[in-house]
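Nothing here was measured: the structure is a model prediction, and the numbers come from that model.
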Amino acid sequence: RVQLEESGGDSVEFGGSLRLSCRVSGYRPSRYAMGWFRQKPGKEREGVAAIDVFGATSYADSVKDRFTISFDNAKKTVYLQMNSLKEEDTAMYYCAAGQFGVNWVLAPLDQTSFRFWGQGTQVTVSS
């Protein structure tokens, strides 16, 4: 069974940076694509960034050019580097894993493309 454990959430000031980490276990890297999602209070969960088994990445427009997703195969850890943070980035951030395939490619930032989820890590950005 795939297990995901996030870390790195914190409180940070506007314009600051954070790096989230997600340790992955119980899976085959060649079969699963990874993603980061976030959920703001009172809002639905939204896709932030995703990376497929070949290293190709996808980003939500709201974070493009500010966030970077990456995967360290040796450490089995997916990262989300967040720069130039804004108050609207405040949310619970979740790591997710989804089986790579045609359906995933068609909707890499759709939560229905992901089967396994972490517990989340809170990011708070203040002015």
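Here the CE-OG1 distance, from Met92 to Thr124, works out to 8.5 Å after rounding to the nearest 0.5 Å. Glu13 CD to Ser126 OG: the interatomic distance, rounded to the nearest 0.5 Å, is 5.5 Å. For the atom pair CZ of Phe37 and CD of Glu44, the computed distance is 12.5 Å after rounding to the nearest 0.5 Å.
Contact annotation: the side chain of Tyr27 never approaches that of Phe116 to less than 4.5 Å [non-hydrogen atoms, C-beta and beyond]. Side-chain contact between Ile69 and Trp36 is present, with heavy atoms from C-beta onward closer than 4.5 Å. For the pair Leu80 and Tyr93, the minimum side-chain heavy-atom distance is below 4.5 Å. Using a 4.5 Å heavy-atom cutoff, the side chains of Gln39 and Glu46 are not in contact. Cys22 has its side chain within reach of Val78: a pair of non-hydrogen atoms, C-beta onward, lies under 4.5 Å apart. Two residues are said to be in side-chain contact when any heavy atoms from C-beta on lie closer than 4.5 Å; Lys86 and Arg66 meet this criterion.
Among all heavy-atom pairs drawn from Met34 and Phe114, the shortest one is C-CE2, 3.7 Å. Of all heavy-atom pairs between Gln122 and Ala91, the closest is NE2-O, 3.4 Å. Nearest heavy atoms, Pro108 versus Ser58: CG-OG, 3.6 Å.
The stretch residues 75-84 participates, sequence neighbours left out, in these side-chain hydrogen bond (donor to acceptor under 3.5 Å, both in side chains) pairs: Ser17-Asn83, Gln81-Asn83. Listed by first then second residue, pairs satisfying side-chain hydrogen bond (donor to acceptor under 3.5 Å, both in side chains) with a partner in residues 98-118 read Arg45-Gln111, Asp110-Thr112, not counting sequence neighbours.
Taking the side chain to side chain donor-acceptor pair (under 3.5 Å) definition, one finds that Asp52 meets it with nothing, sequence neighbours left out. Applying the salt bridge (Lys or Arg N to Asp or Glu O under 4.0 Å) criterion to Lys64, with sequence neighbours excluded, gives Asp61.
By the rule that hydrophobic residues join a cluster once side-chain heavy atoms approach within less than 4.5 Å of another member, Ile51 and Tyr94 end up as members of separate clusters. Under the 4.5 Å side-chain contact rule for hydrophobic residues, Val105 and Phe54 share a cluster. Put simply, Tyr32 and Val53 are part of two different groups of oily side chains (I, L, V, M, F, W, Y) that touch within less than 4.5 Å, one to the next. With hydrophobic clusters built from ILVMFWY side chains whose heavy atoms lie under 4.5 angstrom apart, Tyr59 does not share a cluster with Phe100.
Val102 forms part of a hydrophobic cluster together with Leu106, judged by ILVMFWY side-chain heavy-atom separations under 4.5 Å.
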Could you go through residues 1-9 and list every donor-acceptor pair under 3.5 Å that involves a side-chain atom there, pairing it with any protein atom two or more places apart or in another chain?
residue: Glu6; atom: OE1; partner: Gln119; partner atom: N; Å: 3.0
residue: Glu6; atom: OE1; partner: Gly120; partner atom: N; Å: 2.9
residue: Glu6; atom: OE2; partner: Cys95; partner atom: N; Å: 2.8
residue: Glu6; atom: OE2; partner: Gly120; partner atom: N; Å: 3.1

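By the neighbour-count criterion of 12 heavy atoms within 6.0 Å, atom CG of Asp65 is sparsely surrounded, having that number or fewer from other residues, nucleotides or ligands.
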What verdict does the side-chain contact (heavy atoms from CB on, under 4.5 Å) test give for Thr90 and Val123, after you've listed the backbone C-alpha separation in whole Å, the side-chain angles of each residue and the deciding distance to 0.1 Å?
CA-CA 5 Å; Thr90 295; Val123 172; 5.9 Å; no
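Checked against Val48 for a side-chain contact (heavy atoms from CB on, under 4.5 Å), the options Val63, Leu20, Asp89 give a single hit: Val63.
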